[in-house]
Amino acid sequence: MPRVDLNCDLGEGAGQDAALMPLITSANIACGAHAGDAETMRETVRLARRHGVAIGAHPGFADRAHFGRRELTVEPAAVRELVEAQTRALQEIARQAGGRVGHVKPHGALYNLAARDTAVARAVAEAVLACGRELALFALAGSVGARVAEACGLRVAHEVFADRTYQADGSLTPRTQPQALIADDAVAAAQARRMVVEGRVRAVDGQEVAVRADTLCLHGDGAQAVEFARRIRREFEHAGVELRCFADA
């Protein structure tokens, strides 16, 4: 039976967390840099525990004006520091609530930078290892970041995206381009099913790209996020795909 983790970026102020949490298996919780604060972190952790959803840290650049989606020039040492500090902050909040952080997924521009830059990818991996060797890292499927993290000894969840389009090299289409986002829930669900069941996705230029789908991301700040999540779950049910959080698999 095909199996996948369904993750979502939450605690970012989109107002849909309560509706999304019962539909997912892993939550990537904003750690106060690109979005959120201590109180939203506490509330999102409580919500995740209430629904049996795995808790993950979602560290990003401290650039709220651009929601952490603007690429910044940062030294690897600074990347390690920001990822470690944000992850430890969520770990403490989760501990106080009787839970634990099981994975880390960088946010936005930091995620994309780590996907292709070896030095940044190593800094992210070292930060995660410093926070606990048991932690998993969510990284773009087949990317430099995923390979570097695995070489560092981390358990890596190769991640694919339901609501984003792909380039022929397996990278995500930049958000600055008009075809970057998928707005139709049927199209997103069909892409999700194919990536999980067949291990392939069609790039924007029509080429077929092989992908490994350990975990599937749905962005929680999208206007149709709840509808997308429900449609994807129905698609997976029809295809016989089992949903299970990666950190506990």
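Throughout, numbering of the chain's residues begins at 1 and tracks the sequence. Given the structure is predicted, the values throughout are model-derived calculations rather than measurements.
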Chemist: Ala192 and Ala162: which non-hydrogen atoms are nearest, and at how many Å?
Modeler: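 Closest pair (atom of Ala192, atom of Ala162, distance): CB-CB, 4.2 Å.
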
Chemist: Would Leu135 end up clustered with Ile93 when hydrophobic side chains under 4.5 Å apart are linked, directly or stepwise?
Modeler: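 Yes, Leu135 and Ile93 fall within the same hydrophobic cluster.
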
Chemist: So does Glu208 pair up with Arg194, basic N to acidic O under 4.0 Å?
Modeler: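 Salt bridge between Glu208 and Arg194, a charged N being under 4.0 Å from a carboxylate O: yes.
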
Chemist: Look at the side-chain heavy atoms of Ile, Leu, Val, Met, Phe, Trp and Tyr, link any pair under 4.5 Å apart, and say whether Ile24 and Val160 land in one connected group.
Modeler: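 Both belong to a single hydrophobic cluster.
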
Chemist: Could you tabulate the donor-acceptor pairs under 3.5 Å formed by side-chain atoms of residues 118-126, not counting sequence neighbours?
Modeler:
none

Chemist: Would you tabulate the side-chain donor-acceptor contacts of residues 136-147 under 3.5 Å, counting partners in other chains and residues two or more places apart, or write 'none'?
Modeler:
residue : atom : partner : partner atom : Å
Ser143  : OG   : Leu140  : O            : 2.7
Ser143  : OG   : Gly145  : N            : 3.4
Ser143  : OG   : Ala146  : N            : 3.2
Arg147  : NH1  : Gly142  : O            : 2.8

Chemist: Measure across Arg233 and Leu6 and return the closest heavy-atom pair with its distance rounded to 0.1 Å.
Modeler: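 Nearest pair, atom of Arg233 first, then Leu6: CG-CD2, 4.2 Å.
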
Chemist: Please step through side chain to side chain contact (heavy atoms under 4.5 Å, CB included) for the pair Gln96 and Glu92, ending with a clear verdict.
Modeler: CA-CA 6 Å; Gln96 292 173 1; Glu92 178 58 22; 2.9 Å; yes

Chemist: With heavy-atom distances below 4.5 Å as the criterion, would you say the side chains of Phe246 and Arg155 are in contact?
Modeler: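 They are in side-chain contact.
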
Chemist: Shortest non-hydrogen contact from Ala229 to Leu20?
Modeler: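 Distance-wise, the nearest heavy atoms are CB-CD2, 4.1 Å.
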
Chemist: Answer yes or no: is there a side-chain heavy-atom contact under 4.5 Å between Val156 and His158?
Modeler: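 Result yes, sub-4.5 Å side-chain heavy-atom pair found.
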
Chemist: For His219 and Phe161, run ring-ring contact (aromatic ring centres under 6.0 Å, His included): C-alpha distance rounded to whole Å, both residues' side-chain angles, the deciding distance at 0.1 Å, then the answer.
Modeler: CA-CA 9 Å; His219 288 97; Phe161 290 77; 5.7 Å; yes

Chemist: Donor-acceptor pair, distance only, cut-off 3.5 Å: does the side chain of Arg164 make one with the backbone of Thr173?
Modeler: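 Judged by distance alone, yes, a pair lies under 3.5 Å.
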
Chemist: Within the side chain of Gln16, is there an N or O that forms a donor-acceptor pair under 3.5 Å with the backbone of Gly222?
Modeler: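 Yes, the answer is positive, given that a donor and an acceptor are paired below the 3.5 Å cut-off.
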
Chemist: With side chains defined as the heavy atoms from C-beta onward, is the minimum distance between Gln207 and Arg202 less than 4.5 Å?
Modeler: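 Not touching, per the 4.5 Å side-chain cut-off.
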
Chemist: Which heavy atom of Cys31 sits nearest a heavy atom of Leu90, and at what distance?
Modeler: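 So the two residues come closest at SG-CB, 4.1 Å.
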
Chemist: Taking atom CG of Leu216 and atom CG of Asp5, what is their separation to the nearest 0.5 Å?
Modeler: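 Reported value, rounded in 0.5 Å steps: 8.5 Å.
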
Chemist: Show your working on side chain to side chain contact (heavy atoms under 4.5 Å, CB included) between Glu75 and Val79 and close with a plain yes or no.
Modeler: CA-CA 6 Å; Glu75 292 297 319; Val79 169; over 6 Å; no

Chemist: Going from CZ on Arg133 to CG on Leu129, what distance comes out if it is rounded to the nearest 0.5 angstrom?
Modeler: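 The distance works out to 5.0 Å.
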
Chemist: Is there a donor-acceptor contact under 3.5 Å linking the side chains of Tyr166 and Gln191?
Modeler: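 Their side chains do not contain a donor-acceptor pair, so the 3.5 Å distance test is not met.
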
Chemist: Please set out all donor-acceptor pairs under 3.5 angstrom arising from side-chain atoms of residues 45-59, sequence neighbours excluded.
Modeler:
residue : atom : partner : partner atom : Å
Arg46   : NE   : Glu43   : OE1          : 3.4
Arg46   : NH2  : Glu39   : OE2          : 3.3
Arg46   : NH2  : Glu43   : OE1          : 2.9
Arg49   : NE   : Ala97   : O            : 3.0
Arg49   : NH1  : Gly98   : O            : 2.9
His58   : ND1  : Lys105  : O            : 2.7
His58   : NE2  : His107  : ND1          : 3.0

Chemist: Indicate if Leu172 and Ile232 have the same hydrophobic cluster label, given that clusters are the connected sets of ILVMFWY residues with side-chain heavy-atom separations under 4.5 angstrom.
Modeler: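 Same hydrophobic cluster.
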
Chemist: Is there side-chain contact between Thr87 and Val128, with at least one heavy-atom pair below 4.5 Å?
Modeler: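 Counting from C-beta outward, Thr87 and Val128 never come under 4.5 Å.
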
Chemist: How about Met21 and Thr44: do any of their side-chain heavy atoms sit closer than 4.5 Å?
Modeler: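 When only atoms from C-beta onward are counted, Thr44 and Met21 do touch, with a gap below 4.5 Å.
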
Chemist: Has Glu227 got more than 12 heavy atoms of other residues, nucleotides or ligands less than 6.0 Å from its CD?
Modeler: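 Yes, CD of Glu227 has more than 12 neighbouring heavy atoms, counting only those of other groups under 6.0 Å.
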
Chemist: Just verifying a value: how many Å separate Glu84 CD and Gln91 CD, rounded to the nearest 0.5 Å?
Modeler: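 Output value for this atom pair is 9.0 Å.
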
Chemist: Quiz question: by atom type and distance under 3.5 Å, do the side chains of Gln86 and His34 form a donor-acceptor pair?
Modeler: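 Side-chain D/A pair, Gln86 to His34: absent.
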
Chemist: What about Leu154 and Val104, same hydrophobic cluster or not, with Ile/Leu/Val/Met/Phe/Trp/Tyr joined at side-chain heavy-atom distances under 4.5 Å?
Modeler: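 As far as the 4.5 Å side-chain criterion goes, Val104 and Leu154 are connected within one cluster.
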
Chemist: With a 4.5 Å cut-off on side-chain heavy atoms, are Leu82 and Leu110 touching?
Modeler: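 Leu110 reaches Leu82 side chain to side chain.
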
Chemist: So, taking the atom named CG in Asp9 and the one named OG in Ser26, what distance separates them when rounded to the nearest 0.5 Å?
Modeler: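 Taking CG in Asp9 and OG in Ser26, the distance rounds to 11.5 Å.
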
Chemist: Can you tell me if Glu134 has over 12 outside heavy atoms packed within less than 6.0 Å of its CD?
Modeler: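 More than 12 within 6.0 Å, yes.
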
Chemist: When rounded to the nearest 0.5 angstrom, what is the spacing between CZ in Arg231 and CG in Leu23?
Modeler: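 Nearest 0.5 Å value for the CZ-CG distance: 14.5 Å.
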
Chemist: May I ask you to check whether Gln179 and Thr165 show a side-chain donor-acceptor distance below 3.5 Å?
Modeler: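 Short answer, no.
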
Chemist: Should Val204 and Val211 be counted in the same cluster of Ile, Leu, Val, Met, Phe, Trp and Tyr side chains packed under 4.5 Å apart?
Modeler: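 Result: no, two separate clusters.
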
Chemist: Of the non-hydrogen atoms in Gly32 and Met41, which two are nearest, and what is the gap between them?
Modeler: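 It is N-SD, 4.2 Å.
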
Chemist: Less than 6.0 angstrom from the centroid, inside 45 degrees of the normal: does Arg3 satisfy that with respect to the ring of Phe236?
Modeler: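 Here Arg3 fails the 6.0 Å and 45° test against Phe236.
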
Chemist: Give, for atom CD of Glu237 and atom CD of Glu242, the distance between the pair rounded to the nearest 0.5 Å.
Modeler: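 Those atoms lie 13.0 Å apart.
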
Chemist: Charged N to carboxylate O below 4.0 Å: is that the case for Asp37 and Arg42?
Modeler: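 Between Arg42 and Asp37 there is no salt bridge, as every charged N stays at least 4.0 Å from the carboxylate O atoms.
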
Chemist: Under 3.5 Å, is there a donor-acceptor pair linking the side chains of Asp163 and Gln224?
Modeler: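 The criterion, which ignores hydrogens and geometry beyond distance, is not satisfied for Gln224 and Asp163.
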
Chemist: Could you pull out the closest heavy-atom pair between Ala157 and Thr215, with the gap in Å?
Modeler: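 Taking Ala157 first and Thr215 second, the nearest heavy atoms are CB-CG2, 3.9 Å.
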
Chemist: Please examine the side chains of Leu181 and Arg175, heavy atoms only from C-beta on, and report whether any two atoms are closer than 4.5 Å.
Modeler: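 Counting from C-beta outward, Arg175 and Leu181 do come under 4.5 Å.
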
Chemist: I want to check something: taking the side chain as every heavy atom from C-beta on, are Asn7 and Glu159 in contact at a cut-off of under 4.5 Å?
Modeler: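 Answer yes - side chains close enough.
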
Chemist: Within the side chain of Arg244, is there an N or O that forms a donor-acceptor pair under 3.5 Å with the backbone of Thr25?
Modeler: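 Between the backbone of Thr25 and the side chain of Arg244 there is no qualifying donor-acceptor contact (under 3.5 Å).
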
